[in-house]
**Student:** 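Just dropping this structure here.
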Amino acid sequence: QVQLVESGGGLVQAGDSLRLSCLATGRTITYRPMAWFRQAPGKERENVAAMPWSGSTTYYADSVKGRFTISKDNARNTVYLQMNSVKPEDTAVYYCASGPPYTSLRTTAGADAWGQGTQVTVSS
């Protein structure tokens, strides 16, 4: 099984940048799709960025397109989410997720492993 641990969250001001990291242990993520989800209070968990196992054709939610970038370092077994020009509406708990090898990961149903989440709070 894959275990995922996120880090990098915190309190930032609107317009700042932040980078989240997700370290995977137990299995290589080289052939697994990876994604970042977020969940704000009272809202459903949503997919904000996803990368297929091949590393091509990344997905971004419209609300973060042009500001967030997902990347993967197979050698470090780590996935990143670079967050630029953050907004108060980006405030949420951010979760890293992985899916079974050679699959896609766009919804929560496609994930087979989750991190514990890291809080991101953006003040105006």
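The figures here come from the full heavy-atom set of this structure, side chains too, leaving out hydrogens, waters and symmetry mates. Residues take their numbers from the sequence shown, with the count starting at 1.
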**Student:** Given the side-chain rings of W36 and F68, with only the six-membered ring counted for Trp, is the space between their centroids under 6.0 Å?
**Tutor:** no
**Student:** Give every residue pair that meets the salt bridge (Lys or Arg N to Asp or Glu O under 4.0 Å) criterion with at least one member in residues 108-122, sequence neighbours excluded.
**Tutor:** R32-D112
**Student:** Check side-chain contact (heavy atoms from CB on, under 4.5 Å) between T57 and all other residues, then give those that pass, not counting sequence neighbours.
**Tutor:** none
**Student:** Taking only residues two or more places apart in sequence or in another chain, which ones pass side-chain hydrogen bond (donor to acceptor under 3.5 Å, both in side chains) with S124?
**Tutor:** none
**Student:** Taking only distance into account, with no hydrogens and no angle test, what donor-acceptor pairs under 3.5 Å do side-chain atoms of residues 41-48 form with protein atoms, sequence neighbours excluded?
**Tutor:**
unit_1	atom_1	unit_2	atom_2	d
R45	NE	Q39	OE1	3.2
R45	NH2	Q39	OE1	3.3
E46	OE2	R38	NE	2.8
E46	OE2	R38	NH2	3.3
N47	OD1	A49	N	3.1
N47	ND2	R106	O	2.9

**Student:** Might you point out which heavy atoms bring P100 and P33 nearest each other, and give the distance in Å?
**Tutor:** O-CD, 3.2 Å
**Student:** Of L81, T118, V120, L11, which is the lone residue that meets side-chain contact (heavy atoms from CB on, under 4.5 Å) with L18?
**Tutor:** V120
**Student:** Does anything in residues 15-24 pair up under side-chain hydrogen bond (donor to acceptor under 3.5 Å, both in side chains), and if so which pairs, sequence neighbours excluded?
**Tutor:** S17-N84
**Student:** Give the C-alpha distance, both sets of side-chain angles, the deciding distance and a yes or no for side chain to side chain contact (heavy atoms under 4.5 Å, CB included) between T69 and Y80.
**Tutor:** CA-CA 8 Å; T69 302; Y80 304 96; over 6 Å; no
**Student:** For R67, which residues count as a side-chain contact (heavy atoms from CB on, under 4.5 Å) partner, sequence neighbours excluded?
**Tutor:** V64, S85, K87, D90
**Student:** Report the residues that fulfil ring-ring contact (aromatic ring centres under 6.0 Å, His included) with Y31, sequence neighbours left out, ordered by chain and then residue number.
**Tutor:** Y102
**Student:** Identify, with sequence neighbours excluded, every residue that meets side-chain contact (heavy atoms from CB on, under 4.5 Å) alongside T107.
**Tutor:** A109
**Student:** Who are the side-chain hydrogen bond (donor to acceptor under 3.5 Å, both in side chains) partners of R76, not counting sequence neighbours?
**Tutor:** D73
**Student:** For the residue pair M34 and S98, what are the closest heavy atoms and their distance?
**Tutor:** SD-CB, 3.3 Å
**Student:** Sequence neighbours left out, what passes side-chain hydrogen bond (donor to acceptor under 3.5 Å, both in side chains) with T28? Give chain and number order.
**Tutor:** T30
**Student:** F37, M83: one ILVMFWY side-chain cluster at the under-4.5 Å cut-off?
**Tutor:** no
**Student:** So, using side-chain hydrogen bond (donor to acceptor under 3.5 Å, both in side chains) as the criterion, who are the partners of T121 when residues are at least two apart?
**Tutor:** Q119
**Student:** Under the rule for side-chain contact (heavy atoms from CB on, under 4.5 Å), what residues qualify as partners of A24, not counting sequence neighbours?
**Tutor:** V2, L4, I29, N77
